[in-house]
Structures are given as structure tokens and as C-alpha cells.
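Take a look at the structure below.
In the text below, chain A, chain B and the rest are named by the order of the sequence lines, each starting its count at 1.
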Amino acid sequence: MDTPSLALAKSDTGHRLTLAFNILFIAISAMTMIKPAHASGTVTPTSGWCSNIYDPSTCIYATELEACAKLASMQTECKYSPHIVHYHGSEITGDACFTNDSMGVVCFPVWSGLGWMGTRSICPARTTSTSPPCVCADPYQPDASGTSCVDNCPANMSGSPCACDTGYVLNSDGPGCVQEQYTISEPKDKSKLPDIQPDSTSEVTVRVTSVQTNQPKQGAVVRFHIDADISSGGHAHGEEHGRRPRGTISSDNCVGESGGMPDTYDCTTDPQGYTGFTFKAPAVSGSQSITATCISTACSGSVTSNIDIKVDGLETIPDSQFYALTESNGVGGNKVIGDNGNHSGNHFLTPEAASILWRLAATYYFKYRQDTSVPLLHLNDASLVWGGKFDIKGNWVKPHAGHRKGTVIDIRANALPTAIPESLFTDFEKLTNATKLSDGMTSAIAQLHCSIGFDPATNCLGDNNRHYHVILLGVDQ
Amino acid sequence: MNTFFVRCLAVCVCVLSFPFGVVSALEQGEGIVLDTVTGNYLFTYFDELEDGSKVLIHGTFFPATKISPSIKSIFHSNRTVAVIYSYVVSSGVQSRQVLDTIRFDLFARVVGSQDLPFNYQSANEEQIDAVLEANKLALSTPRGWDGFISTNQSGASRITWNPTKLGAGIHPGESQQGFGFVSQNLPGMGVSEFEGVRDGRNGFSGDGPDPSSDISKQIQKLYQNDFVTHNAAVPTIAIPDPFDAAVTLERIQNHMHTWIDKQLLDPVFSSQLDRSFQSAISAYRLNQPRVGKQEIQSMRKLIEKEQPDLGRDEEHESEKSHEKHDDRKTALIDRLAARVLDFDLAYVTKRMADDEGEHKSARRHDR
């Protein structure tokens, strides 16, 4: 690009104009200093590069090149490639705006008023004049920053027109705005979640909305706490031998409570105001509660829902002359077989499983009734009242792996006289195998179980814990 | 085809293919392998102790499938409308166990059998005793064996025969006849199930693997499939009451179609039979019994053409005749299937003739 020559850019007229411009610039600056902003009713003027130094309304450009571009756009032919040339001479100093014609030849400077680019202080909107001092016109008043004139807003409002500040909503009882309040609005039926099976999952969701507008609240933090009825689900032992397992959660929106409070999670609401998680029930049946409390500022409300973790439809095994559910306790009374005081019952089955058990027991009874040495089947643990993990010792852990859904029962097969005699083990297995289940193709299955370290292949020789684990519906569960 | 080794192979493929499909579900170290020397399955699984630690437990599953059974099906109708079924069971010389369980899963009850009361809480001993005795009598059972009938709530029955003495049964190379029952239903192609005397007792040291674990499911499959099957003629086709030839033929035809997938019937031959089935069904619907009978006869001729010795029960066949049939690779229908189909078609003809006779007799009485 050709550099414009000074001869081309300057003239005597330009010299004089520069002087006048400088005087004017100083005068305006001085006036600004004399009348500082923030005086009552005044605001700080803004400064901008002008496309016409005589017209304050054109002093709106952030850079002189922008002002130059504006000047260029007003030319007819020589309007291309606007650029600034800084002249620093002994007589005149200033920036000039040059353009090119369509052939790329540099034209004369495009004049901005006095011929040089310059800035001016101007007043913002709603002031009484365009140049300082900038006094807010009636009824406006300076805003908090003193840079613009705004409406005279009531409490907790700002802007022009007045609008509620962030986090505030219009006060329905008077002027201005009041702080917006939020609450947990869903679930509406707060007391009970649907029952679920042990080890299964359920979605838990709450919604936070504005009390005043009913609009969803994004970013609110809801604290969830999971608790358990420690003796529910047949676990009469409570937490005597260990802490009862609670459900766990999985969610992208939740984190563990920062203080490490157990079974407590902080979850953040999405744009629709929802938050929650997938609740994973423990293997142990029983009642648990999930309490959601909104802990964000201006957010209140707490909701507690109970959830029953259970295998539905289990019933007490009915009494029968073909099997024994109880036996002598040795001191003149009876005790429930398998009862060690830790649970409120150990003889629960589904009706279908109970029916198969009865048929098996009746068949066994009639086959060996002539032989007085063969006792009734003595029934040990089946399932707890709500199924789930059957922790014999009340410590929330094994030994029972199955027994969770009311379809499996243990039958005594040790060395006691009330057990299935070892000589009848194969017969008992055959009888079990001969049952006919509802699918028309399968049967119950009898597996010999020993204590760890004993071998079922040799009939668990010497093991007092030996028993038949009878899978009444053909599937261990 | 039902040798122990084939059976083992089938089970092994089933069991051992699991790791490839769901390999991530098994924990490292867990698995089931077939001991090719003993034919037993060795399984390993993790058990969780009460302190939360895990230990690997090893165990053995002793299959009851080290047998090579076969069964001959004999069936004929008596003067009533029932069909008498009897069976001869053989244990092949390749068997490595004594065969001690013979079982049929039927879709209905057999004649003379009774159900144990489903409302069992109100049942008394006399009732139950009567049912069990009736069920014993409903079965033909050879000496030294016990027959047992178990019926589910849908009325489907499982018939099981076991030796009365522990360890007894059909030894390799031996046969046992005298198993049977009577049914109101026509024969079809079903299966009989067999088990041998296991080499050891199955069970677990401890309470076994977690039932929801993959290894547990695989071990359970071993238990559930621990038998050998063989094709047999078993009651399959319900006879409508009152008798209806068209409906009976439809049922026979539908059952026959299931044989194609079992490779008991050539599909082209099936289509050939279908044409006669349709004609016979239409004829009986249009009250043209003579036409229906002709169509049945033509079907029976087609069947006989494929299996010329249909008139002979398997019971009376020599091993030589078996060999002869085995050589007939071109037969378009399995021999037992042909006998079953021929019997069923003949039954329809006979019932229609009986009904016609009754009508004639009734007309004479009317006069």
C-alpha cells in the first residue's frame, strides 16, 4: 500500500484546524473534570471516537479505525480500505483517515470534522444534554454504577424499565420484588414408593419449583438421606450384630454428602427442576425411607417416602401331618425348627412352592409310613417373611445363598433321628425329581449341602450341618 | 444317537459355550470343565465367607447320563376308546451306569390316575392314600420297580419308574419290559427320559454359589438337564369328546408338522400327506365319511410305501429287521413316526366305523 505523503495530507488549513481541535478537546476534557460524575443526578459521560467531531451523537466508536470505516462508507467512489495514518510532525500531530479507490490508489484523507480523528465525551441516554455535564432527565436517576440513567425502581428492582433483580419475583402484596422461594413440589404422593424386590432398582425423583411462580428451579441442591427400619422384613435382630445395609444410589447429578454422612447424597436439579437417582435395593428385605430436603438458599421443604423391599406373596408354610415345622425344645415345650431368635419367622414360601413341598412330604410319608424308623421330613429354613437375604446369625451376611424368594427349603438330613436317614438319600432325591411343576417339564431338585470342608460326594461324612437344600420350583433363587 | 458321549457332548457344548457368550459374568477362576476320563464335571466357584472374604470352592457334578438307552414303544387300542401304551427299555452295552430312572412328561392324565388334592390343607390321609394307590394301579410296572405319577395343576402328569432297591436297574446290555399305562389320547412323537445311577452324590460344600451368579446358573443347568432322552410314542393328541373326525385329523396333522423340524418327516412328503389330510377333513365336515375314509386309506398307503413293515410292533422285531430299516436311508418318514401316524389314522377310521355301526344299530332299534 502506498503511504500518503505529508504534502498530500497537510495544508495550512489543516494546521489551523488541528490547533482548534486541540483547544476544543482540552476544553471538553476540562469541563468533564470540573463536573465529576456521581454528583447528584449526574452520570459519568462516555467517550467515543467520532465520525464527525462536531456531532456528539457520532462519537460512538470504540476505535478510530471503526470511525474511519464509517467515514469511508459515506464516500461515493473512494471508499475502500479505510486506514489510519499517524502523523507526528514538528507542526502538526494527529491521526488521519485515508481510503483507496477501486484501483487501490490512495485517496485524500477523509475528513472528520477538523480533518483529524478525535474522541469526545458524550452523555448516555436519558440525560438532559448530549455533552457533559450529564444530568439525568426527570424521572430518571443515576444507576448504581453512575454510568446510566435508569428508572427510579422500588426495592429489589433495577434496570429500565424496572425488573426484579436476580432471585427476586414481583411482590404480590405490594410494590417491588421479594426474594423467590423454592420448594420440593414433586412427588405429590409423598408417603410411599412402590414396593421393589431385593437387589432390584427403582427411580427416585423430586422436583423443585418456585413457590410464587411454580416455575422449575435449576441448580437447587436436594439432600437425600436413606434410612432403614432396622427390624423390618423379619430381621428381629436389628443392628445388634452389624449395621443394616441401606440402599445405594447411582446418578450423574449426585455426590456423597461432603461431610461424609453415611447414606446421604446431595443432588442438583436440572433445567426442569428435577433431580434424583436410581435406587438400588440391598439384598436384605425390609422397609427403608428416603428423605429429600432442599438445602439451597431460599429453598425449603422436606419429603420422606417409604419403600418396602420385599418378595411379595410369601405365606407361612401351613401345618401338615406330613412334615414337622416344630420339635420338642427338651424342656416340655416346642420350638420352631431353625429358629435361633434372630428372625420373626423362617418358614415362608410361595403358595406354589408350599404345594410342591406338601406333595413331596406326603409322598415320602406314605412311602415309608410302615417304617417307624423313618421320621417325617423336618423342615428347617425356608425364607423370611419378605424374602431377601437370610442371614442366619443376624449379621446381614451369608451363610444362606439362596432362600431369597420363597421357593427353597432346607430339610434336615444330618445324624439326628429326626433327619432323613442316609439310606434314603437317593430315594429322597428320586422322589423330588418325580414332582411335576407347572411348566410341565421340570421338577424340584434336592441338593445335599454340607459345611465347607465336607464333601457331598461322600454324604458329608461327619457333618452335623448336613441338610437337603430343596429347590422346590426347579430354580435356585 | 443317545449315547452317553453324545449326551455329554451336548451338555458340554451347552455349558462350556457360556463363557464365550458371557465371559465377563464369570469371575476369574470360576468355571466348569468336563473330566474326559471320568465323565464328571468339575466346577469351581467363589463363595463368600461371613467375614466378607472370598474363597474358591471346588466341587464335582456326577451326571446321571453315562448311559446309552433305547426304548421300544408298543401301542394299541382296546375295545374302549383308550390307547394302551407299553414300553421295553434297553440299556446299551456302552452304558457306564445302571439305568435306574425312566420318565415320561405327559400333557394329560393317564386312565385310572388321580390328582393329589390341590387344596391340600383339607385333605385327609385316607384320601391321599387312595390317590397314591390308584396311581400305582394306573401304571404297568415290572417287578422290582416302583411306578409313580405326579400331576400338576394343569393336569399334566409326570410318570416315573425307579427300581425298588437302591443301585438296581437295567444293567448295560440288558432290557426290561413291562412299563406301561393307558391313555385317552392318541400317540404322537414324544420323548422318554432316562437317568443312570450316579457315581457320587451331588451337592455343595457350603451353601453353594450365589444363585444370581452366572456360575450358579450354569451349575443349575447341569442339574436341570441331567438326563438322556430318546424318541418314544407317547400320548400327545387329545381326542375330542364327543368324537369329531375332522377335528381329530386336524390335530394329527398339526402334530405331524412338528416332525419336520425334528427331521422325522420329509417336508415334501408332508405336503403330499397334507393334500389328503385336507380332503379327508373337508369330507368329514361335509358329512361324506366314505370320501374321508378313502383319503385316510390313501395316506396309509403312502406311509406304508415308505415303511413297509408297519404292521409289526417294535416288540416283535428282531435286531436284524432293525438293521434292515437303518439301511433304508431314503425313507421319507421315521419308522416310529410312520407307525404312530398310521395308528392315529386307523383310529379315526375305526371310530367312524364304530359310530356308523352304532347309528345303524340305533336305527334298527328305532324300527
Measuring centre to centre across the rings, with the benzene-like ring taken for any Trp, is [X] within less than 6.0 Å of [Y]?
X       : Y       : result
F348(A) : W386(A) : no
F366(A) : F322(A) : yes
F104(B) : Y87(B)  : yes
Y85(B)  : F179(B) : no
H343(A) : F390(A) : yes

Winner by heavy-atom pair count (cut-off under 4.5 Å) against chain A, out of [options]:
options                            : result
P209(B), A156(B), S212(B), G200(B) : A156(B)
V197(B), D100(B), V55(B), T60(B)   : D100(B)
S216(B), S154(B), S157(B)          : S157(B)
F204(B), F107(B), F62(B)           : F204(B)
G208(B), P117(B), G167(B)          : P117(B)
T151(B), D210(B), I128(B)          : I128(B)

Plane angle bin for [Y] and [X] - parallel if under 30°, tilted between 30 and 60°, otherwise perpendicular:
X       : Y       : answer
H237(A) : H241(A) : tilted
H235(A) : W396(A) : tilted
Y41(B)  : F61(B)  : tilted

N-O pairing of [X] and [Y] below 4.0 Å:
X       : Y       : value
K405(A) : E352(A) : no
K54(B)  : D47(B)  : no
D199(B) : K66(B)  : yes

With a 4.5 angstrom heavy-atom cut-off, which part of [X] approaches chain B: side chain, backbone, both or neither?
X       : result
S423(A) : backbone
D476(A) : both
N465(A) : neither
S355(A) : both
Q321(A) : side chain
T426(A) : both
Y365(A) : side chain
I445(A) : side chain

Original post:
Do other residues, nucleotides or ligands put more than 12 heavy atoms under 6.0 Å from the CG atom of N124(B)?
Top reply: yes
Top of [options] for chain B proximity - count of heavy-atom pairs under 4.5 angstrom:
options                   : answer
R404(A), R369(A), K367(A) : R369(A)
S443(A), C460(A), A446(A) : S443(A)
R466(A), R359(A), E429(A) : R359(A)
V408(A), D427(A), T435(A) : T435(A)
N459(A), D463(A), D455(A) : N459(A)

[X] versus chain A, the contacting section by heavy-atom distance below 4.5 Å:
X       : answer
Q220(B) : side chain
D129(B) : both
E195(B) : side chain
S205(B) : both
L106(B) : backbone
L116(B) : both

Original post:
How long is the gap from CG on D381(A) to CD1 on I411(A), to the nearest 0.5 Å?
Top reply: 12.0 Å
Subject >> Pi-cation contact, F227(B) with R103(B) (under 6.0 Å, within 45°) >> reply: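 Pair R103(B)/F227(B) counts as cation-pi.
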